[in-house]
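In what follows, residues are counted from 1 in the order of the sequence shown. These figures come from a predicted structure and were not determined experimentally.
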Amino acid sequence: MKTMDQRLCRKGKHIIGKIIAGIELVVSAIFLSLLWKFGAFSTDLMIIIAIILLVLFGMCFGMQFGKKKMAIVGIVFSLLFSSIFGFASYYIWKMDAAIEKVGGAKYKTDNMVAVVRKGDKAESLLEAKTYKFGCQTELDQENTEKMRKKIDELLGQKIDAKEYASMEEMAEALLDGEIDVAIYNEAFNGILGDKVKGYESKIRVLYQYGIDTQLEEPEKLSVKEPFNVYLSGIDVYGPISTNSRSDVNIIMTVNPQTKQILLTTTPRDYYVEIPGISKGRKDKLTHAGIYGVDKSMATLEQIYGIDLNYYARVNFTSLIKIVDLLDGVDVNSDYDFSVREYKFDKGMNHLNGEQALAFARERHSFKEGDNQRGKNQEAIITAIIKKVMSPVILKDTTRLLNSVADSVETNMTKDEIMTLVRMQLKTGSEWKVTSVNAVGKGSKQACYSSGRQLLYVMYPNQESVSAIQQKMKSVLAGEVLE
């Protein structure tokens, strides 16, 4: 007969085993709830997963009523399952947080700056309290006034800022020593760099202040129905937090039912009005991005007579990251050409991130210039779409999103993103991607955002625009393009 100590020892082990099985149940419940919140799987699949988790718990818990060896096996399995589901819960939580960070954008940010000459001794705004300030009265007056009030508040006094009629006059006054500090929206640095030779290398940011403006909520619709997305590629590196010129302007017309995507590229130099901004004057399409992604969207809506439901913004950093995380992409080139140390062959090329960026930015190698650059950008986007839509890559979405969360932004919500992921995982169908480019005639004209200086612009070819409008309508209507 077994001694009292042996029976107590066995009973104690059974109690420990039941506690560990209980922990497994709690971890499984957390895993299931996070998986449900994440929304990547259908209800039917979630029910199957719940049943499997319940069966596994029941098996491990039931083993605690068996013999000693059986109970130990049950404890081992409970610990193993708890570890697996615990790790999976953390993985899902991180992925959910990454999608929340990328999606649901509701604000645009204007980064206002106070700049001094590069060799200036002041290291803070307070050290510049006695300096002469300058601002311009030509553009973005609302944000300029907010910046002036913020500086007044920080310095505890009202600054006496000299006003200039244009951005260019203010910048030259700063470099000539007429003023010590210039106040303006950092998004205009690119334009100032075009006007004043070597401008950005001669100045230093002394103080910056971000002004957030809420964007209008997009019209609510189901991503299971056809929709349009504006892809904006801004001309900066680093975090995607501020307004900037949009060098890439692509409209994705998406029909999830026919698995068809039409990519429409509009040249950055298209000479058009910016609704609500340019007051009847014309400007380059790229300059619309200075005033916010919503203004770029409004401009494109006006050109094509469409509704842009969503947008996604990427910068140079994110393009490099995305392509490298995909282990490169296969891109078709229409020509043989070279950019710096990179050589591209006519036909298919396997490109890494840096190569893809060089391929997408080059225009001087082509007779068609910006039009060919637009086609190359479409080729990069097409290659990325085809690889991202692979079920194998979709399952690694967490790594991708975590890596590019700071350099990708969209107003598409997490639920909408996950609906698309769920649909693609379910069908695994290949998407048909076609491309079209708007064209026009080059000229030199004054632009609203750059004042009197004549810049290269492109007058839209209306026949080209009309043909694109028809293709967009066809994709939205479910017609398959040839």
Original post:
Can you check whether L54 reaches I52 side chain to side chain, under 4.5 Å on heavy atoms?
Top reply: no
Original post:
Can you check whether E463's main-chain N or O pairs, donor with acceptor, with S466's side chain at less than 3.5 Å?
Top reply: no
Subject >> Carboxylate-amine/guanidinium proximity below 4.0 Å for R245 and D247 >> reply: no
Original post:
Is there a side-chain contact between I203 and L175 (heavy atoms, below 4.5 Å)?
Top reply: yes
**OP:** Enter the distance from S435:OG to E378:CD here, rounded to the nearest 0.5 Å.
**Re:** 4.0 Å
Subject >> Any side-chain heavy-atom pair of Y184 and T144 under 4.5 Å >> reply: no
Original post:
What do you reckon, is NZ of K195 surrounded by more than 12 foreign heavy atoms closer than 6.0 Å?
Top reply: yes
Subject >> N376-E362 side chain donor-acceptor pair, cut-off 3.5 Å >> reply: no
Original post:
Just wondering, do T434 and I261 contact through their side chains at under 4.5 Å, heavy atoms?
Top reply: no
**OP:** Provide the closest heavy-atom pair for L476 versus P226 in the form atom of the first, atom of the second, distance.
**Re:** O-CG, 3.4 Å
Original post:
How far apart are the closest heavy atoms of D269 and R363, and which atoms are they?
Top reply: OD2-NH1, 3.8 Å
Original post:
Any sub-3.5 Å donor-acceptor pair from E200's side-chain atoms to K202's backbone N or O?
Top reply: no
Original post:
Is the shortest heavy-atom distance from the side chain of M147 to the side chain of I183 under 4.5 Å?
Top reply: yes
Original post:
Would you call the rings of W93 and Y90 parallel, tilted or perpendicular if under 30° counts as parallel and over 60° as perpendicular?
Top reply: tilted
**OP:** For the pair D324 (side chain) and I322 (backbone), establish whether a donor and an acceptor sit closer than 3.5 Å, ignoring hydrogens and angles.
**Re:** no
Original post:
So do the side chains of L300 and T266 get within less than 4.5 Å of each other, counting heavy atoms only?
Top reply: yes
Original post:
Hey, is R313 close enough to E409 for a salt bridge, meaning N to O under 4.0 Å?
Top reply: yes
Subject >> Test side-chain contact (heavy atoms from CB on, under 4.5 Å) applied to M46 and D44, step by step >> reply: CA-CA 5 Å; M46 286 299 300; D44 291 343; over 6 Å; no
Original post:
Any idea which heavy atoms bring G86 and V27 closest together, and the distance?
Top reply: N-CG1, 3.5 Å
Original post:
To the nearest 0.5 Å, how far apart are CD in E479 and CD in Q260?
Top reply: 9.5 Å
Subject >> NZ/K106: more than 12 non-hydrogen atoms of other groups inside 6.0 Å >> reply: no
Subject >> Check: E416 side chain, S222 main-chain N or O, donor-acceptor pair, under 3.5 Å >> reply: no
Original post:
Can you tell me if S296 and Y311 form a side-chain donor-acceptor pair at under 3.5 Å?
Top reply: no
**OP:** Name the orientation class of the two ring planes belonging to F81 and F77 (parallel below 30°, tilted from 30 to 60°, perpendicular beyond 60°).
**Re:** parallel
Original post:
What's the shortest heavy-atom distance between L454 and A446, and which atoms?
Top reply: CD2-N, 3.5 Å
**OP:** Answer yes when E368 and K375 have at least one side-chain N-carboxylate O distance shorter than 4.0 Å, and no when they do not.
**Re:** yes
**OP:** May I ask you to check whether N185 and D110 show a side-chain donor-acceptor distance below 3.5 Å?
**Re:** yes
**OP:** Output yes when a side-chain donor or acceptor of R373 lies under 3.5 Å from a complementary backbone atom of R361, and no otherwise.
**Re:** yes
Subject >> Residue list, salt bridge (charged side-chain N to carboxylate O under 4.0 Å, His left out) with K414, at least two apart or on another chain >> reply: D96
Original post:
To the nearest 0.5 Å, what is the distance between NZ (K284) and CD1 (I191)?
Top reply: 9.0 Å
Subject >> Closest non-hydrogen atom pair, H350 against D330 >> reply: ND1-OD1, 2.8 Å
**OP:** Please check if the side chain of N352 supplies one atom and the backbone of E354 the other of a donor-acceptor pair under 3.5 Å.
**Re:** yes
Original post:
Below 4.5 Å, heavy atoms only, C-beta onward: do T109 and I211 meet side chain to side chain?
Top reply: no
Original post:
Can you tell me if CD on E142 sees more than 12 non-hydrogen neighbours from other groups inside 6.0 Å?
Top reply: no
**OP:** Anything under 30° is parallel, anything over 60° is perpendicular, the rest tilted; go ahead and classify Y448 against Y291.
**Re:** tilted
**OP:** Work out which heavy atom in L481 is nearest to a heavy atom in S474; give both atom names and the distance.
**Re:** CD2-CB, 4.0 Å
Subject >> CA sep, side-chain torsions, deciding dist, call: Q302, V272, side-chain contact (heavy atoms from CB on, under 4.5 Å) >> reply: CA-CA 9 Å; Q302 182 172 270; V272 293; 5.7 Å; no
Subject >> Gap separating the OH atom of Y209 from the OH atom of Y207, nearest 0.5 angstrom >> reply: 6.5 Å
Less than 3.5 Å apart, which donor and acceptor atoms pair up between the side chains of residues 249-258 and the rest of the protein, not counting sequence neighbours?
from	atom 1	to	atom 2	distance (Å)
N249	OD1	Y230	OH	2.6
N249	OD1	S246	OG	3.0
N249	ND2	S246	O	3.1
T253	OG1	N228	OD1	2.9
N255	OD1	Q257	N	3.0
N255	OD1	T258	N	3.2
N255	ND2	V475	O	2.8
Q257	NE2	K224	O	3.4
Q257	NE2	E225	OE1	3.1

**OP:** Please test Y271 against K282 for side-chain contact (heavy atoms from CB on, under 4.5 Å), starting from the C-alpha separation and ending with a verdict.
**Re:** CA-CA 6 Å; Y271 198 45; K282 292 189 175 182; 3.6 Å; yes
Subject >> Any side-chain heavy-atom pair of Y459 and S443 under 4.5 Å >> reply: yes
Original post:
Do Q208 side-chain atoms and N111 backbone N/O form a donor-acceptor pair below 3.5 Å?
Top reply: no
**OP:** State the CG-OG distance between L56 and S82, to the nearest 0.5 angstrom.
**Re:** 10.5 Å
**OP:** Hey, could you give me the CG/CG distance between L263 and L231, rounded to the nearest 0.5 Å?
**Re:** 7.5 Å
Subject >> Aromatic ring proximity, centroids under 6.0 angstrom, F359 and F337 >> reply: yes
**OP:** Look at the side chain of S333 and the backbone N and O of G347, then say whether any donor-acceptor pair between them is shorter than 3.5 Å.
**Re:** no
Original post:
Is a side-chain N or O of N349 found less than 3.5 angstrom from the main chain of F344, in a donor-acceptor match?
Top reply: no
Original post:
Taking it one step at a time, do T299 and D283 satisfy side-chain contact (heavy atoms from CB on, under 4.5 Å)?
Top reply: CA-CA 10 Å; T299 304; D283 204 339; over 6 Å; no
Subject >> Donor-acceptor contact present, side-chain Q141 to main-chain Q136, <3.5 Å >> reply: yes
Original post:
Below 4.0 angstrom, N of the basic side chain to O of the carboxylate: do K108 and D294 qualify?
Top reply: yes
